[in-house]
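Written out below as structure tokens is the structure these notes cover.
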Amino acid sequence: MDFRLDDDQLALQAGMRQLLERCFPRERLREVVDAQELRGVQRGGRQGDRQGDRQVVQGSQDFRGASTGWDVGCALWRELGEAGFFSLRLPERDGGVGLGMPEAVLLFEEAGRALVPGPLVATHLAAGLVPGAAEGTRVVTALTGPGMAEHLGAADSVLLLDGAGARVMATDGGTGPRVLDARPVQSVDPLTPLYAVQELPSPALTHLTAGGDGGRLRSEATLLTAAQQLGSALRTLDMAVLHAGTRRQFGRPIGSFQAVQHLCARMLVRAEIARSGVYAASLTMAGCDIAGAKLLADEAAVRNARDCLQVHGGMGFTWDADVHLHLKRAWLRREQWRTPAAAEEELAAGLLAGDGYGAA
Amino acid sequence: MDLTCTEEEEDFRQRLRAWLADALPRLPPAPSPADWPARRAYDCSWQRALYDAGYAGLHWPADAGGQGATPAQHLIFLEETELAGAPYVGANFVGLLHAGPTIAAEGTAAQRARWLPPILRGEEVWCQGFSEPEAGSDLASLRTRATRDGDAYVVTGSKIWTSHAEVADWCELLVRTDGSAPRHRGISWLALPMDAPGVTVRPLRTLAGSAEFAEVHLDEVRVPLSYRVGAENDGWRVTMVTLSFERGTAFAGEVVACRRTLARLAVKAKENGRWDDPVLRRRLGRLSAEFTALWRLVQWNVSAAGHALRNGGSGVPGTGGSVFKLRYSQARQELYDTAAEVLGPASLDAAEEWTAQRLSSLSYTIAAGTSQIQQNIIAERILGLPGGR
């Protein structure tokens with residue numbers, strides 16, 4: 001037993017962090033936010049107007065388009081594709097990197113840390129199922145049932161994971177919202193357009209192609225989402241500690257006050273507990289381990305963003321601070337794949353089934 | 001990242017399992033919790049059995065009489081003994097987890113030869129004399145004084161929260177040997193014979209009703225200079241080695257026990273109908289995630305300690321122990337609060353096992369460094385925040 005990251009895993013983690021610092025630094029993140037914000041203002045002016053709705057759909061299609069300043073999206077997606085972000089777990093003979101879930105978790109943790117936008121999880125899962133997903137040239141989103149679909153307007157395909165098998169629906173040219181009769185929602189997260197979907201297409205529809213094991217893909221998606229939550233929790237901890245060490249009040253850094261120190265200490269504990277759960281689940285891939293990892297990572301991401309906001313004081317409440325972006329994304333991911341309520345029920349059932357104690 | 005056992009580790013587990021299956025049925029019945037001499041005898045006979053089977057001082061270095069096992073093997077030992085229902089370390093806790101490792105790390109050859117073998121054989125019991133009535137979290141303010149008189153120190157003062165004091169042969173004692181030095185620099189570490197003239201033990205009753213610890217009064221007790229471990233006035237550093245041990249793997253076996261308790265709680269709730277309450281059910285589910293992740297955190301910390309050991313380090317668990325201790329102590333209290341919810345009014349019966357545990361769990365956020373002290377450690381030593389008050 002050696003739970004630590006090995007040298008290759010450390011190198012992979014450092015490499016992804018460097019790539020994201022280069023391709024998606026904070027200035028890029030804020031450019032994207034500002035571009036989306038402009039559209040939000042436009043949308044607000046036309047509330048309830050059909051024209052306005054179309055505008056939103058149009059806007060979301062610009063995930064990879066140049067018209068909104070979102071050309072970042074396309075380039076970033078390609079960079080990630082070239083770095084093997086999407087093809088990481090495909091066998092080398094299929095053009096992949098041939099690595100496993102532990103390595104995927106490390107990459108998604110970095111993506112969560114950097115707040116990379118886009119349907120990363122679904123596109124990663126679709127590598128091997130949807131041509132172009134592995135390379136990052138096609139964008140794939142996913143649905144497990146009626147509810148919120150992210151980036152539907154920008155997606156070339158939708159993974160439907162509502163049953164035992166996975167189905168793939170083509171939505172080229174931004175046809176997703178129309179095909180699924182989805183209503184655009186003014187998303188709480190400025191970087192994640194959302195669409196409310198009432199009903200999934202019936203399995204009888206012929207343009208759907210089958211592929212993959214639905215249960216396995218849902219489990220993987222849950223864990224990769226948890227990994228992003230972990231990355232976000234670690235990032236908001238860093239932000240809080242940096243601010244607490246530099247911001248001065250009463251003639252000293254606020255981080256020298258125990259009230260602030262203990263907030264930060266609890267953030268670290270939350271993140272480290274989530275890290276243990278997420279990394280271990282990537283090794284065992286057991287249902288209860290994955291549910292527990294998601295539960296603890298959701299809590300770490302949401303609570304740490306809240307505490308980070310608190311440490312930042314008034315600045316934390318502003319649009320210009322990045323804290324709200326982490327909090328809003330954390331809220332969004334909390335609702336995806338396995339909500340805390342669902343995870344707790346699954347874990348409770350596991351206790352009765354005797355999976356509460358998994359030795360080794 | 002690898003959570004699977006190596007072939008060597010798996011062999012170790014299988015041999016241990018086989019030995020436990022053979023040894024445990026031959027144990028005498030467990031003594032009454034109030035009968036301290038019987039508890040000492042029971043704990044020591046178990047330690048002797050471990051010694052004879054080659055499992056004593058598993059994590060101690062081989063040159064201290066230990067088995068030189070890897071931290072991973074030590075973890076397997078804690079896990080398997082707990083799963084098999086073997087006795088807890090009990091009265092030998094301080095000897096095996098605090099005083100022994102300190103003597104092994106800092107003692108002279110003669111001191112190691114005198115004190116370590118009897119600990120490993122279960123012949124001598126140690127207690128800990130660190131805290132004082134006026135020196136709790138602020139341990140470095142301790143005032144028990146030791147002045148030189150010929151070949152001995154003359155020690156006067158009071159110690160408190162001393163577990164197993166009534167049945168201990170030795171006490172690892174922190175004393176002030178230089179009252180004028182900066183407070184961390186005037187402390188020394190002594191081995192105090194508990195039968196020395198001038199030592200008085202007064203049991204303290206806990207809120208659970210039992211006498212788990214005591215006050216120890218020292219009135220001009222003579223302790224030979226040769227009983228000092230480490231240099232004079234270097235006792236603070238010597239002590240930090242000990243405390244790191246305490247916060248490291250000391251609770252690993254208990255996490256296993258908590259996970260088993262949780263599974264039993266779920267069964268109990270299903271039986272008495274409380275399971276139908278979704279709030280309670282979800283709380284049980286949440287605790288399952290909590291204790292599983294805590295076990296993984298132990299494995300994470302042990303892996304880090306094993307790595308440090310292989311690279312010439314001490315193998316002493318580092319600050320990761322504070323993260324674990326903070327979260328574990330809270331989770332343990334939540335576990336037994338939840339048990340009370342499962343039991344309902346039956347939880348008011350103090351004879352109920354889970355009620356006794358609920359009471360004793362209240363000490364966990366205080367003993368071995370309060371939660372507030374742990375948060376200070378994390379903030380300043382891990383996060384690097386400026387020193388505060």
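Residue numbering restarts at 1 for every chain, and letters A, B, ... go by the order of the sequence lines.
Ranked by non-hydrogen atom pairs under 4.5 Å with chain B, the options A/L268, A/V260, A/D6 are led by A/L268. Among B/L262, B/T70, B/L284, the residue making the largest number of heavy-atom pairs under 4.5 Å with chain A is B/L262.
Considering only heavy atoms from C-beta on, A/R4 stays 4.5 Å or farther from B/D2 through its side chain. Within the 4.5 Å cutoff, side-chain heavy atoms of A/R266 are placed close to those of B/Q375. The shortest distance between side-chain heavy atoms of A/L296 and B/E290 falls below 4.5 Å. In this structure the side chain of B/T292 never reaches within 4.5 angstrom of the side chain of A/C288, judged on heavy atoms. Two residues are said to be in side-chain contact when any heavy atoms from C-beta on lie closer than 4.5 Å; B/M1 and A/V105 fail this criterion. Counting only heavy atoms from C-beta outward, the side chains of A/R270 and B/R327 approach each other to under 4.5 Å. Side-chain atoms of B/Q374 and A/V269, non-hydrogen and from C-beta on, never get closer than 4.5 Å to each other. Contact of the B/R286 side chain with the A/L347 side chain is not registered, since no non-hydrogen atoms from C-beta on lie closer than 4.5 Å.
Heavy atoms of B/L265 lying under 4.5 Å from chain A are absent altogether. Interface remark: B/T6 contributes backbone and side-chain atoms alike to the contact with chain A (heavy atom separation under 4.5 Å). Only the side chain of B/L326 comes within less than 4.5 Å of a heavy atom in chain A; its backbone stays farther off. The part of A/L283 that comes within reach of chain B is its side chain, from C-beta onward, which places non-hydrogen atoms under 4.5 angstrom from that chain. Interface residue A/L5: backbone and side-chain heavy atoms are both found under 4.5 Å from chain B. At a 4.5 Å heavy-atom cutoff, A/E103 makes no contact with chain B through either its backbone or its side chain. Using a 4.5 Å cut-off between heavy atoms, A/A341 contacts chain B through both its backbone and its side chain.
The side chain to side chain contact (heavy atoms under 4.5 Å, CB included) search around B/A257 returns B/E82, not counting sequence neighbours. Every residue two or more places apart in sequence or in another chain was checked for a side-chain hydrogen bond (donor to acceptor under 3.5 Å, both in side chains) with B/Q67, and none qualifies. A/A281 pairs by the side chain to side chain contact (heavy atoms under 4.5 Å, CB included) definition with A/L223, A/D289, A/I290, A/A293, not counting sequence neighbours.
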- [ ] For side chain to side chain contact (heavy atoms under 4.5 Å, CB included), just list the numbers for A/Y279 and B/R296, CA-CA rounded to whole Å, side-chain angles, deciding distance to a tenth of an Å, and then say yes or no.
- [x] CA-CA 9 Å; A/Y279 287 5; B/R296 299 310 186 187; over 6 Å; no
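For a heavy-atom cut-off of 4.5 Å, chain B lies close to A/L237, A/V241 in residues 233-243 of chain A.
Considering all non-hydrogen atoms of both residues, B/G387 and A/Q261 come closest at C-NE2, 4.3 Å.
The 12-atom threshold is not exceeded at CD of B/E8, counting heavy atoms of other residues, nucleotides or ligands nearer than 6.0 Å.
Annotation: the span from B/L383 atom CG to A/M267 atom CE amounts to 9.0 Å, rounded to 0.5 Å. The line from CD of A/Q258 to CG of B/L385 is 11.5 Å long, rounded to the nearest 0.5 Å. Residue B/L287 holds its CG atom at 9.5 Å from CD of A/E344, rounded to the nearest 0.5 Å. With values rounded to the nearest 0.5 angstrom, B/I382 atom CD1 is found 12.5 Å from A/C264 atom SG.
With A/E272 contributing its side chain and B/V323 its backbone, the two residues share no donor-acceptor pair below 3.5 Å. Looking at B/Q299, its side chain never comes within 3.5 Å of a backbone N or O of A/F3 through a donor-acceptor pair.
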